[in-house]
Amino acid sequence: MGVAKPRGGFPVEDWEISEPYEAQIRGLRGSRRYLIVDFVPQRETRARGHFKLSVAVDPETGEVDMLR
């Protein structure tokens, strides 16, 4: 067996995390307010064509989901 190869190639230091902000998100079960955190690429990560990744957190349950 070989050593597992890292997946994704997303070093943590290549990303900046935004301050959480509130937003109304419409989903399959209707519209609700969530806290949103954005992961924004820095330096050469941005140059390679990576875009921001947004994560929605339900403030009541702590449930997390990615946004498109």
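For reference, positions follow the sequence shown, starting with 1.
Shown here is Glu22, whose CD atom has more than 12 heavy atoms of other residues, nucleotides or ligands within 6.0 Å.
The side-chain heavy atoms of Asp38 and Leu53, taken from C-beta on, include no pair separated by under 4.5 Å.
Listed by chain and residue number, Val37, Phe39 satisfy the side chain to side chain contact (heavy atoms under 4.5 Å, CB included) test with Ile17 (two or more places apart in sequence, or in another chain). Taking the side chain to side chain contact (heavy atoms under 4.5 Å, CB included) definition, one finds that Asp58 meets it with Arg32, Tyr34, Glu60, Thr61, Glu63, sequence neighbours left out.
Here CZ of Arg26 is found 8.0 Å from OG of Ser31. Values are rounded to the nearest 0.5 Å. Expressed to the nearest 0.5 Å, how far NZ of Lys52 lies from CG of Leu67 amounts to 9.0 Å.
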Inset, instruction - Show the numbers, then the answer: is there a side-chain contact (heavy atoms from CB on, under 4.5 Å) between Asp65 and Val55? - result: CA-CA 6 Å; Asp65 200 359; Val55 177; over 6 Å; no
